[in-house]
**Student:** 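Got a structure for you, questions after.
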2 protein chains.
Amino acid sequence: MVQFVHPARDDITLTGVLAALSDPMRLRIVKALLQEGECMSCTAAAPCPEIPKSTLSNHFRILREAGLIQTTKKGVENRNVVRESDINLRFPGLLKAILKHAAE
Amino acid sequence: MVQFVHPARDDITLTGVLAALSDPMRLRIVKALLQEGECMSCTAAAPCPEIPKSTLSNHFRILREAGLIQTTKKGVENRNVVRESDINLRFPGLLKAILKHAAE
DNA sequence: TTCAATAGTCCCATATTTCCGAACTACTGA
DNA sequence: TCAGTAGTTCGGAAATATGGGACTATTGAA
């Protein structure tokens, strides 16, 4: 098994965050996670069911490495949450300003 | 000569804007253009002088096609401006929220 | 005019990144 | 022990970025 890589808050970069959110699918994942509030598994947060598993896994890795989400393994599934406070501390107002405009 | 391609305001997409700004060099270009206020040539807005011309030209094309800047040809050089009002009408608060955190 | 200089664009080969099927791992419950 | 579930990893194909070099358009000078 692999330990998930999460950058420290201060290592989160603006361009990294923008790059992670510049993909429609990842944007929808983050939006879904925020709307839920609770932790969500990867498949639960997936924007559409027919997306290949490996692609989905890849998107979550990118979000994780950009510092946008935190992932922990719980039983057979992953629990994902948006690192809302970390992002807000590092880039106040950014996440809200972006997600305000994200379509459903 | 080629006529520059500029999307209509309503064709500007959120993910397109984020993708365009997710490159450190392009972020610095936009920041420089906004700080200047006036039109700037490509080389004047370039973040560093040693950057290859073709790469710079490519970055400006990406910013242009994302709807972030408007380019017109004036004599031997290009005049670039950020389409600030278009972006602000389409995605209120976005540009400011992003550039607030851009280094430099 | 013609010529050189300047500012960018276009083309194209290389390098990097993304996508996704298939095989694999980790955990759970029967 | 075994099957099922949730995700990861691998690897090849497809897409995209980089940058050198040739090209175009404009200007200013001889």
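Throughout, a chain's letter reflects where its sequence line sits, starting with A, and its residues are numbered from 1.
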**Student:** What N/O pairs connect the protein and nucleotides 12-18 of chain D at under 3.5 Å? Give each pair on its own line.
**Tutor:**
none

**Student:** Check for a donor-acceptor pair, side chain of Asn80(A) on one end and backbone N or O of Thr71(A) on the other, with a separation under 3.5 Å.
**Tutor:** no
**Student:** Between Ser57(A) (side chain) and Ser54(A) (backbone), is there a donor-acceptor pair under 3.5 Å?
**Tutor:** no
**Student:** Polar pairs (N or O, both sides) under 3.5 Å between protein and nucleotides 4-7 of chain D?
**Tutor:**
residue	atom	partner	partner atom	Å
dA6(D)	O4'	Val76(A)	O	3.0
dG7(D)	OP1	Cys42(A)	N	2.7
dG7(D)	OP1	Asn78(A)	N	3.4
dG7(D)	OP2	Thr43(A)	N	3.3
dG7(D)	OP2	Thr43(A)	OG1	3.1
dG7(D)	O3'	Asn78(A)	ND2	3.0
dG7(D)	N7	Lys53(A)	NZ	2.9
dG7(D)	O6	Lys53(A)	NZ	2.4

**Student:** Can you tell me if Lys100(B) has over 12 outside heavy atoms packed within less than 6.0 Å of its NZ?
**Tutor:**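 More than 12 heavy atoms, drawn from other residues, nucleotides or ligands, come within 6.0 Å of this atom.
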**Student:** If you pin Thr71(B) and Pro52(A) to their nearest nucleotides in DNA chain C, which one's is more 5'?
**Tutor:**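 Looking at the nearest nucleotide for each, Thr71(B) comes out on the 5' side.
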**Student:** Can a donor-acceptor pair be found, under 3.5 Å and without considering hydrogens, that links the side chain of Lys73(A) to the backbone of Phe4(A)?
**Tutor:**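 No.
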**Student:** From Asp86(B) CG over to Asp10(B) CG, what is the distance, rounded to the nearest 0.5 angstrom?
**Tutor:**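 Here the rounded value is 9.0 Å.
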**Student:** Which atom names give the shortest non-hydrogen contact between Ile51(A) and Met25(A), and what distance separates them?
**Tutor:** CD1-SD, 2.9 Å
**Student:** Would you check if the side chain of Arg90(B) reaches a backbone N or O of Ile12(B) as a donor-acceptor pair within less than 3.5 Å?
**Tutor:**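 Yes; judged by distance alone, with no hydrogens or angles, the pair exists.
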**Student:** For side chain to side chain contact (heavy atoms under 4.5 Å, CB included), just list the numbers for Leu95(A) and Val17(A), CA-CA rounded to whole Å, side-chain angles, deciding distance to a tenth of an Å, and then say yes or no.
**Tutor:** CA-CA 9 Å; Leu95(A) 199 55; Val17(A) 168; 5.6 Å; no
